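In what follows, a single structure is set out as structure tokens and then discussed.
Because the structure is a prediction, the values reported are computed rather than measured.
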Amino acid sequence: MMAFLKSTLRFVYLFQSAQSFVHNVIRVPDDSRISVSLSSSNEDGRVVSFLLDSKHHNDWHRYCENVDKNLEGLVSPSPESFSAIHSAMVRANAAISMNIEDIVALSRYLVKPNYTMELFHDDEIVKWRMIQGGSVEGVIVDSNITAEEGGRELYHEFSTLQLSQMALEIATNTTNHDANLLSKIHEVAQQAEKRIFLTVGSDLRGPQSADACFNFALAGVHNSSTHLFQNLVSIGTHELKRAGSRSSFPTKIVLHIVEKFAASDIRKEDAMELYQIAADCLEKKHYKDKMYIESLRDGTFGFHGRPLLWLWRFSSRQKKVEIDNEGNGKWKDAINWQDEFQDTNKPLVVDIGSGMGTCILGLASTSANIHDKLPIEWSQCNYAGVDLNQALVRFGNGVASRWPDARKGRVKFFCCPADDFLSNLKSYHGRSTLIMVNFPSPYRLDASERGNLQLPSAENFMVTSKLFELISALAANDTNESYFMFQTKCEDVAVYLKNECLSNGMEGITAGDKAVENIDTIYSQKSVPKRVKEWLRIEPLAERAEGNLFWSQPILPLDCLPETEIQCLSENKVVHRCLFKYKNT
């Protein structure tokens, strides 16, 4: 509660402060004003970088007397620093009034400590020059130029990366059902767009553009800020062009950049140049994973595989959400399916405990065909994710909202208990073709021991008898085959779920040559988890997760695996999987 209050108070304070700060306006003697336009510089809203080249020579001298001397006072790379300031001066002199706070914000990080930027009036043009000697603000305004009151905004005080961190803090430190939460996040995102337009990305070095993009994606920024993501990708691409091949730019930073952009589900058409340049950089650095480089080149790199480990790291740090004794967290309203999906006659794929939503986001995008396991046309389905953690739900909905193609209107994430969602599912027009439970939080093995207090007790385990009853009731009203799949890292949970499925009338789909013949043999090739040792200590004669119903390899297409399965595969950990269908008569 204290963390939530601190976060909220900080947010309110920043916005109130932004409205009350003095806003300096430069005025020339004839009372005409010069203003900085914060709209985008081209028709589609993307930032256009101003490049220093000879054809702009006369333009430079229009707003500064000595280009070389001004470059001396700017931080490296000084041409880019000059470009950002020059662009602001061009826009300022082309309009009516100028916000001096824009220039002050640029000077704070672009002017060297022992220099000061001076703004002066010359022939009815506001110009700038660098003079030796530091000042508190980094800017001196000539006496011929007067200032008026106005307002300072967040983007004047915080870098794009800091604004992204602020958005993520708001998203993760507030209550689940704050009706104004998303609007607060988008206000911060809009401030970031203004910051990028002002700075042309010059305050985002190394992996910072990818970090900011990832933070905004995690915060759940929707399609209203599409250009924010595109501009951040452009800045990341420029940074790789500028420095990616240098020995001082480590391989791990190149990987960091492309993986965080991919984990934000940046559209391939927006990221292809970035990926191509990254592939060139990795080759020059003699990166050994040739398949990784090839995936960057051929367009198969994206929202699957290694990039999802960033999402797993984030989700693993989130506190478990439970429904308390007063019923807080219960879903209060009936779901109007027509409001959630464009076509409610499509078959529905459901992921209960969907986490970051990577599984159904992947399935909604895949062209893979696995009819030998699941005879489902993925492109013809709707997808619903269900989770108690609003931050994770917001991420999935944010990603889906930014899709421009046929996937749009087919994916929705809901923050509610599984039982409540399944009860609402009775009114869905289409059929529930597949229900999945991927890596539910396991119950504590021994209630008498403290263990991991984040884990639910056995009676609060997500997959209850009631849940199976609800799934059975849905399947009973469907003449088509419907499927149920679960995955877990915990062998005892796998045995429990398998037996519950069989006792509730499901028919196991055998794994054939992919079956787990002997689980101890698999453990001997990997490692025996601590939980398994404890479970077998408590129940030495327990049934084991082996036989023809347990799959040793992924059931779903490889580009649709949930982030936890990716983490298990990367760390060579055992995953227990079963697939069932309902026997409808």
When you compare the side chains of [X] and [Y], does any donor N or O come within less than 3.5 Å of an acceptor on the partner?
X    : Y    : result
Q487 : N438 : yes
N548 : T510 : no
N572 : K526 : yes
Y428 : N382 : yes
E491 : Y523 : yes
H256 : D211 : yes

R531 and D492 ion-paired at < 4.0 Å: yes
Pair E469 + K466, salt bridge at N-O below 4.0 Å: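 Answer for the salt bridge query: no.
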Side chain to side chain contact (heavy atoms under 4.5 Å, CB included) assessment of Y383 paired with D351: CA-CA 8 Å; Y383 295 86; D351 188 359; over 6 Å; no
Pair listing, salt bridge (charged side-chain N to carboxylate O under 4.0 Å, His left out) test, anchored in residues 556-572, at least two apart: E565-R577, E571-K573
Looking at [X] and [Y], what are the two nearest heavy atoms and their distance?
X    : Y    : answer
P347 : Q380 : CD-O, 3.4 Å
G505 : Y582 : O-CD2, 4.4 Å
I566 : G305 : CG2-O, 3.4 Å
I257 : G206 : CD1-O, 3.7 Å
A545 : V495 : N-CG2, 3.7 Å
P307 : A263 : O-CB, 3.4 Å

Is there a side-chain contact between [X] and [Y] (heavy atoms, below 4.5 Å)?
X    : Y    : result
F413 : L392 : no
H222 : H186 : yes
D387 : F414 : no
I266 : L274 : no
W312 : T358 : no
L425 : L470 : no
F421 : L467 : no
R267 : W403 : no

Option among V399, V393, L218, N389 that satisfies the side-chain contact (heavy atoms from CB on, under 4.5 Å) test with M356: L218
Look up atom [atom1] in [X] and atom [atom2] in [Y], then write down how far apart they are to the nearest 0.5 Å.
X    : Y    : atom1 : atom2 : value
D289 : L282 : CG    : CG    : 9.5 Å
L536 : D520 : CG    : CG    : 7.5 Å
I509 : L374 : CD1   : CG    : 6.5 Å
I235 : Q230 : CD1   : CD    : 12.0 Å
R431 : E481 : CZ    : CD    : 9.0 Å
L388 : Q318 : CG    : CD    : 13.5 Å

Geometric cation-pi criterion, R410 with F341: 6.0 Å, 45°: no
Derivation and outcome, side chain to side chain contact (heavy atoms under 4.5 Å, CB included), residues F216 and F229: CA-CA 8 Å; F216 280 122; F229 292 94; 4.1 Å; yes
N/O donor-acceptor pair under 3.5 Å between [X] side chain and [Y] backbone:
X    : Y    : value
R297 : I293 : no
W337 : N424 : yes
K285 : G244 : yes
S264 : K260 : yes
T564 : F439 : no
K184 : A171 : no
S503 : N499 : yes
K412 : N397 : no
Q553 : K514 : no
S354 : G357 : no

With K489 via salt bridge (Lys or Arg N to Asp or Glu O under 4.0 Å) - residues at least two apart: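 K489 satisfies salt bridge (Lys or Arg N to Asp or Glu O under 4.0 Å) with no other residue.
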Ring centres under 6.0 angstrom apart (F261, Y275):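 No, they do not, as the ring centres are separated by 6.0 Å or more.
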Trace of the side chain to side chain contact (heavy atoms under 4.5 Å, CB included) decision for L434 with S482: CA-CA 6 Å; L434 172 64; S482 54; over 6 Å; no
ring-ring contact (aromatic ring centres under 6.0 Å, His included) assessment of F468 paired with F484: CA-CA 10 Å; F468 278 112; F484 178 82; 5.6 Å; yes
E294 atom CD: more than 12 heavy-atom contacts under 6.0 Å: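 Yes, the 6.0 Å shell around CD holds more than 12 heavy atoms from other groups.
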Derivation and outcome, side chain to side chain contact (heavy atoms under 4.5 Å, CB included), residues E500 and S465: CA-CA 8 Å; E500 283 293 307; S465 297; 3.8 Å; yes
